[in-house]
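Shown next, in structure tokens, is the structure this report addresses.
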Amino acid sequence: MEYMVMTLLNEELAIIQDAAINIKQDSISLNIDIEIKQLIDEFGYRYVEDFLDDDVLEELSELNSDDDIDDIIEEQEVIEATTYNSTSTSYKDMVQETVVNNFTSYVYQYKIIGVDIKPKHWDLLFDTAYEIYQNNGVEEEFLDDMSRLNRFAFSLALLKNSLVDMGCFIDGLCYMKSNYLSESDIRMIQDKLSNATIRNKILDATTSINKNKEKVKSSRNLCGNKIIDFNSRRNN
């Protein structure tokens, strides 16, 4: 049981909801804040315990004290520090592997309704963001920031009871107060991800249309390549 995961989401949930309560008209997260504010009005201010799976809550209640939780967290940190070096071929790959692994832990521990993220989406996210970190010469901060973005994205999905998808990560960037990236850097990552995501959706839709066309052709071939004129039949 990775109790560190449970502990870490508290901060991100609080930041998102506090921003909604104290909405600023010039905030880059204005529309999201308004949506979250409406959810707070409806459901109240929510905490990590509101989203934990029942099995996790049961195991958590069996712990004797905060010291027990601290010990588990410390053990988990030691494990995570040595887990990802064996299969990663680069620092960026190690970060991606670490974040995706934590993401998988979230899925198993929280009451999430579903996930719509494919391997190509993860590659898009990490390739796009890492380029900005490289350009700024702050690659060493990539792991901490991407781990935090992961938690923001998951927290947004929990609060809105939505699927976790690339849209959650794009929106989650609004809450990144990085010491190493400017607001324009963050907007650039958002724009690149948004444009690429839209483009991929168009390509996916085109592929689907082409597949449907092939199905239609196949069905016509069953009739000896003869296209039936339904209007002519109706008139006879």
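Remember, predicted model here, so these are calculated numbers, not experimental data.
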Minimum heavy-atom distance Val115-Leu163, with the two atoms named: N-CD2, 3.8 Å
Donor-acceptor contact present, side-chain Arg148 to main-chain Met176, <3.5 Å: no
Non-hydrogen atoms of Lys192 and Thr128 that approach each other most closely: CB-CG2, 3.7 Å
Under-4.0 Å salt bridge between Asp50 and Lys111: no
Short side-chain to backbone donor-acceptor contact, Asn195 and Asp191, under 3.5 Å: yes
Nearest heavy atoms of Ile112 and Ala157, plus distance in Å: CD1-CB, 3.8 Å
Side-chain donor-acceptor contact under 3.5 Å, Asn102 with Ser105: no
Distance, nearest 0.5 Å, that separates CD of Gln109 from CZ of Phe51: 15.0 Å
Audit row: Leu181, Ile189, side-chain contact (heavy atoms from CB on, under 4.5 Å) steps and yes/no: CA-CA 10 Å; Leu181 299 185; Ile189 296 174; 4.2 Å; yes
Non-hydrogen atoms of Cys174 and Ile32 that approach each other most closely: SG-CD1, 3.8 Å
Donor-acceptor contact present, side-chain Asn136 to main-chain Ile132, <3.5 Å: yes
Derivation of the side-chain contact (heavy atoms from CB on, under 4.5 Å) call for His121 and Thr197: CA-CA 8 Å; His121 296 148; Thr197 302; 5.8 Å; no
Ring centre gap for Tyr130 and Phe142 strictly below 6.0 Å: yes
Heavy-atom pair with the smallest gap, counting every atom of Ile117 and Val164: CG1-O, 3.5 Å
Any side-chain heavy-atom pair of Asp116 and Met166 under 4.5 Å: no
Exercise: do Asp171 and Gln190 side chains pair donor with acceptor under 3.5 Å: no
From Trp122, Phe154, Phe152, residue fulfilling ring-ring contact (aromatic ring centres under 6.0 Å, His included) relative to Phe169: Trp122
Flag, side chain of Ser182 to backbone of Asp185, donor-acceptor distance under 3.5 Å: yes
CA sep, side-chain torsions, deciding dist, call: Asn101, Thr98, side chain to side chain donor-acceptor pair (under 3.5 Å): CA-CA 5 Å; Asn101 183 75; Thr98 302; over 6 Å; no
Interatomic distance, Met146 atom CE to Tyr133 atom OH [nearest 0.5 angstrom]: 7.0 Å
CD1-CG distance between Ile170 and Asp165, expressed to the nearest 0.5 angstrom: 8.0 Å
Same cluster (ILVMFWY, side-chain, under 4.5 Å), Tyr47 and Phe43: yes
Steps toward salt bridge (charged side-chain N to carboxylate O under 4.0 Å, His left out) verdict (Lys37, Asp41): CA-CA 6 Å; Lys37 177 63 167 60; Asp41 292 340; 3.0 Å; yes
Partners passing salt bridge (charged side-chain N to carboxylate O under 4.0 Å, His left out) against Glu139 (at least two apart in sequence or in another chain): none
Spacing of Lys120 atom NZ and Asp127 atom CG [to the nearest 0.5 Å]: 14.0 Å
Side chain proximity check, Val99 to Phe126, heavy atoms < 4.5 angstrom: yes
Flag side-chain contact, heavy atom, 4.5 Å: Leu52 against Tyr110: yes
Atom pair CE (Met94) and CD (Glu97), whose distance is rounded to the nearest 0.5 Å: 9.0 Å
Main-chain N/O of Val100 paired with Thr104 side-chain donor or acceptor, under 3.5 Å: yes
From Lys92 atom NZ to Glu131 atom CD, the distance as rounded to the nearest 0.5 Å: 11.5 Å
Minimum heavy-atom distance Asp33-Ile16, with the two atoms named: OD1-O, 4.5 Å
Leu173-Ile34 co-clustered via ILVMFWY side chain contacts under 4.5 Å: no
Full working for side-chain contact (heavy atoms from CB on, under 4.5 Å) between Ile36 and Ile21: CA-CA 9 Å; Ile36 298 297; Ile21 292 172; over 6 Å; no
Hydrophobic cluster membership, Leu158 vs Tyr108, 4.5 Å side-chain cutoff: no
Within one Ile-Leu-Val-Met-Phe-Trp-Tyr cluster: Leu159 and Val107, side-chain cutoff 4.5 Å: yes
Donor-acceptor under 3.5 Å (Gln17 side chain, Leu13 main chain): yes
